[in-house]
Every structure is written in structure tokens, then in C-alpha cells.
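Remarks on the structure that follows.
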Amino acid sequence: MQASSCDIAVIGGGIIGVSCALALSDTGQDVLLIDPQDLSSGASKGNAGGLAFADILPLASPRIIRKALRWLFDPLGPLSLPPAYLPRIAPWLLQLWRSSLSDRYPANIRAQAALMGLAESEMRVQLERTGLSGHLHTQGVLEVYEGYARYQASLDTAQWRERYGVETHLLQGADLATQQPGLSPRFTHGVLIPGWRNVADPYALGQALGEQALARGVRRLRQAVRWLQPAPSGAQLILEDGSQLQARQVVLAAGARSHLLARGLGDRIPLETERGYNTTLAPDALDLRQQVTFSDHGFVISPLTCGIRVGGAVELGGLDRAPDYRRAQAMLDKAKTFFPDLDTTGGTQWMGFRPSLPDSLPIIARSPRHPAVIYAFGHGHLGLTQSAATARLVRDLATQQPSAIDLQPYRVDRFSLWGARS
């Protein structure tokens, strides 16, 4: 029989929601995980597999703003925007620009670095606690650049990383070729980040974490939540079949659709969608030693147990526009140029929605209007990376424990000055 009430309802079965449910499973409360789809089957499924703890620079950065005008209207470029969507997204773009300015950009890096530090330690704890450490690998990541000038242009990123203790190693010439055989000689410089972690298959990890949550007493409800509204003793969820569910607390972790449910509480949040694309090839399509990032082209190529995955880029096109798989093909064509031995036959294309806020920081906070609801969304392409940290912070909020880090940078109302809309 379908549940009519619970202590904590977690809306969203992606890697954030699953991790939150797992973290809440040991609090002694009745936790209900709600999602109509298979667990970890959305944006989490198409992840490149990187635990990007070194990725502390936000999308809203001077380097991206400088490149944005050149990129934005190239439909197959690293960052694209369909012209018809411009009126809709213009306020979000204004906030993106504002977040890149000198009075906010360093603070956003500090907040991202703090969250990444917690993410690294909490992921280790989570995987050890659940016996899933075998999913974790330490291959690192190799960022490659075409020529010395392109490498020099990346030094701002290197300086920020050094400031926050991220270990990096410069590779050139023969050292670069030894680190990753088969790479086109057009790439003359590389930066190896050994502290970068990887998972063997992000979908398999999400499924395994979900199974752990259910084994620890979390209940599962395969329904969509159509509306969320306050109630005298918590919150009321209106489900797709018209039934209602009462919860003393709610964790809203519904990814790219979270802001639509936040509207029912009167919170208008400027969440947009980074539509990401990839192609997964056969596992033997390339002798790939570690994840390789083509920073100037906006995509990565990753060795996963499910195959060689070529993907990335950002398309700011909302939730309703049909996928443009030419973007996946464009990255695959480039990857073939960069790795001439890559076998590009028989690949599977994918597109997913990454929930993105203008300053590249998630919201991890109680609703200011209805504190029974905890928000946990807006991680962009870093959902897998920051999932365990978010779960720890959500558990602290739900149980009224001191927070592991300062939550002020992730509060709901930080965009109110700039006319947030959803």
C-alpha cells in the first residue's frame, strides 16, 4: 500500500537524492525516497566518472566570460545557446556575468574549494561505510593543451589550484607521450592532477548506493511529485496520481526540475539546465590510461568499465528543447582527430540535464519561507563529485547538528538582489 506519511521525504533519485537518503537512513527516522524512474538514471547515469575535487573554478569566471561570446552561438561549440532561448535565459546570463566579477569570483572559489574538501573526505567515508570502495580508482586526470600559448592561458587556473593546495605536474614532449600514448602531437603540454579520483561506472555506483539505502530501511516510492506546498506539520506533496503525502521534512533533490517544485513554496530560484552530451564506445575502443580533458574544446574522454566515454560541453537550452545529437557527434569527431587510434564505431549517444545556478554553487539550505523543506540541488556537472558532501550537510540540517562547513555561500536568497526567476 502506498505511503501516506513519513518523517523525511527525499524527492529525487539521482546521485544527490540517493546519497541524502543513505545518509539519513541512520538517523532513526522514516525516510521515503521518491522518483518515478530507476535510481541514478538521469544526469547521474551519463557522468564522465570523474570525482573532480580539483575543479574549484566556477563556470562564472573571467576566462569563460572572455570566451563566451565566441562560443555561445556556435551550435556545436563547447558552450552553446540556441538563439530562440536567449530571451528566456537573459536574466540568468546577467547573473552569470555578475558572479564572474572581482567582488564575487574569489568568494565563489573559496566556497567551491570548501565544498570540494568536504566532498573528498565524505566520499571516502561513504564508500568505506557501504563497502563500495572498489568503485573508486586513482587514475587522476590529464589536461592537455595545443601549444605553449594555450598552456600559458591556463596559468590562472593553475595559480588558483596552487593556492588551495591542489597538486599538479606539468608534462611536455616525451613525458606527455609516455603518460598517454596515442595522443596527437598537436598537444604539446599537459597538466597531470594525480589527486583527481574516478569511479569505474557512475551509474553502477548510483545503483549500488541506492541498494544500500534500501537495505538500511529507506522506503521507495516510484511516483513523480507534481506539487509541493507547506502544511501545518511540515509539507504536503501532491503526487502524479492525485494522492497526497505528508512529510515532517522534505529534501528537494530533483535536479534540473527542482526549481519548479520550489515555486509551490514561493521560492523563485534561477536554476538553468546545462544540457550535456556524450557518446559511449566499446571498452577496447582506445588504450586510455586516465581521463583526458581537452580544456579548450570543452570535453573529456574517460575510461569506464561500461566503455570509453566521450562527452561534456554545455548547451543552455532548457528542459523542453529536443536533443541536438550533432553536439555528441562533433565531440566524437574531434576525439578521433586527437586520438587517431580511437575506434568510433558502434557508440551510444546520450543527453542529460545538469542543474546549474549562475555562480556554479549548489543550494544546500532550508527554504527561508518554509523551513521544513531542505534544498539540495544546482550542482551543475559536479553532482557525483559533491554528492557525499551534500548528503552530510543535509543530514546535519535535518537533525539540527552543527554544519561541517559554513553554509552561507549556498543559501537560497543569495540571488534575490538580481531578480531571480524560475
Side-chain angles (χ1 to χ4, degrees), residues 46-57 63 77-79 136-148 150-155 157-158 161 166-202 276-314 327-344 347-350 381-382 384-385:
N47 191 283
L51 296 176
F53 304 128
D55 196 358
I56 61 173
L57 270 67
R63 63 191 175 93
L79 175 63
L136 186 64
H137 299 280
T138 57
Q139 300 159 325
V141 67
L142 179 65
E143 297 178 348
V144 295
Y145 299 92
E146 298 165 273
Y148 181 70
R150 291 289 182 92
Y151 165 70
Q152 281 289 103
S154 73
L155 290 183
T157 298
R161 285 174 172 166
V166 177
E167 181 185 359
T168 63
H169 301 287
L170 172 63
L171 301 175
Q172 304 179 61
D175 290 338
L176 181 58
T178 300
Q179 181 68 33
Q180 180 52 66
L183 182 66
S184 168
R186 68 194 287 175
F187 294 98
T188 59
H189 292 70
V191 175
L192 179 66
I193 307 176
W196 191 285
R197 299 291 183 260
N198 306 80
V199 298
D201 182 339
Y277 292 82
N278 69 46
T279 303
T280 303
L281 305 167
D284 61 354
L286 181 67
D287 178 19
L288 192 62
R289 306 293 175 83
Q290 67 272 300
Q291 186 178 98
V292 178
T293 299
F294 302 98
S295 301
D296 291 322
H297 299 272
F299 74 94
V300 304
I301 180 168
S302 302
L304 305 175
T305 54
C306 60
I308 300 295
R309 180 162 291 167
V310 180
V314 173
R327 294 181 58 74
Q329 187 62 48
M331 287 184 284
L332 191 61
D333 292 344
K334 281 189 174 183
K336 176 65 175 176
T337 301
F338 300 161
F339 281 106
D341 293 336
L342 178 66
D343 181 0
T344 60
T348 301
Q349 294 179 324
W350 175 91
H381 62 281
L382 296 171
L384 173 64
T385 299

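Take P194 and apply the side-chain contact (heavy atoms from CB on, under 4.5 Å) test, not counting sequence neighbours, and it matches E167, H169, L192. Scanning for side-chain contact (heavy atoms from CB on, under 4.5 Å) contacts around T188 gives an empty result, with sequence neighbours left out.
One distance of note links CG of D287 with CD1 of I308; it measures 8.5 Å at 0.5 Å rounding. Note that the CG atom of L384 and the CG atom of L51 stand 5.0 Å from one another [nearest 0.5 Å]. Here S295 contributes atom OG and R150 contributes atom CZ; the two are 11.0 Å apart, rounded to the nearest 0.5 Å. The structure places CG of L136 at 7.0 Å from CZ of R197, a figure rounded to the nearest 0.5 Å. The distance from atom CG of L332 to atom OG1 of T344, rounded to the nearest 0.5 Å, is 5.0 Å. Atom CG of L288 is separated from atom CG of L281 by 10.5 Å, given to the nearest 0.5 angstrom.
Taking both residues in full, the closest heavy atoms of V300 and A48 are given as CG2-CB, 3.7 Å, listed atom of the first, atom of the second, then distance. Closest non-hydrogen pair, A54 versus V166, comes out as CB-CG1, 3.5 Å. The two residues P202 and L304 make their nearest non-hydrogen contact at CD-CD1, 4.1 Å. The shortest heavy-atom contact between L342 and A335 is CD2-CB, 3.7 Å. Between P78 and G298, the shortest heavy-atom contact is CB-CA, 3.9 Å.
For F187 and F294, the gap between ring centers is short of 6.0 Å.
With hydrogens and angles disregarded, no donor-acceptor distance shorter than 3.5 Å links the side chain of D343 to the backbone of D284. Using a distance-only test at 3.5 Å, with no hydrogens or angles considered, no donor-acceptor pair links the side chain of R289 to the main chain of P181. T280 contributes no side-chain N or O that, together with a main-chain N or O of G307, makes up a donor-acceptor pair within less than 3.5 Å. Looking at R327, its side chain never comes within 3.5 Å of a backbone N or O of G276 through a donor-acceptor pair. The backbone N or O of Y277 lies less than 3.5 Å from no partner atom in the side chain of Q349, so there is not a single donor-acceptor pair. Looking only at distances, no side-chain donor or acceptor of T168 sits under 3.5 Å from a matching main-chain atom of V191.
Donor-acceptor pairing under 3.5 Å is lacking for the side chains of H137 and Q291. Residues Q179 and D175 bring no donor and acceptor atom of their side chains to less than 3.5 Å of each other.
A heavy-atom distance below 4.5 Å is not found between the side chains of T385 and D55. Between I301 and F338 the shortest side-chain heavy-atom distance does not fall below 4.5 Å. For the pair V292 and V144, the minimum side-chain heavy-atom distance is below 4.5 Å. No side-chain heavy atom of N47 sits under 4.5 Å from any side-chain heavy atom of S302.
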Is there a side chain to side chain contact (heavy atoms under 4.5 Å, CB included) between L171 and T178 once you walk through the steps? CA-CA 10 Å; L171 301 175; T178 300; over 6 Å; no
Apply side chain to side chain contact (heavy atoms under 4.5 Å, CB included) to Q290 and W196, showing your working. CA-CA 10 Å; Q290 67 272 300; W196 191 285; over 6 Å; no
Walk me through it: do F339 and Q180 pass the test side chain to side chain contact (heavy atoms under 4.5 Å, CB included)? CA-CA 10 Å; F339 281 106; Q180 180 52 66; 3.7 Å; yes
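Taking the six-membered ring where the residue is Trp, Y151 and Y148 present tilted rings, their angle falling between 30° and 60°.
Residues E143 and R161 are paired through a salt bridge, judged by an N-O separation under 4.0 Å between the basic side chain and the carboxylate.
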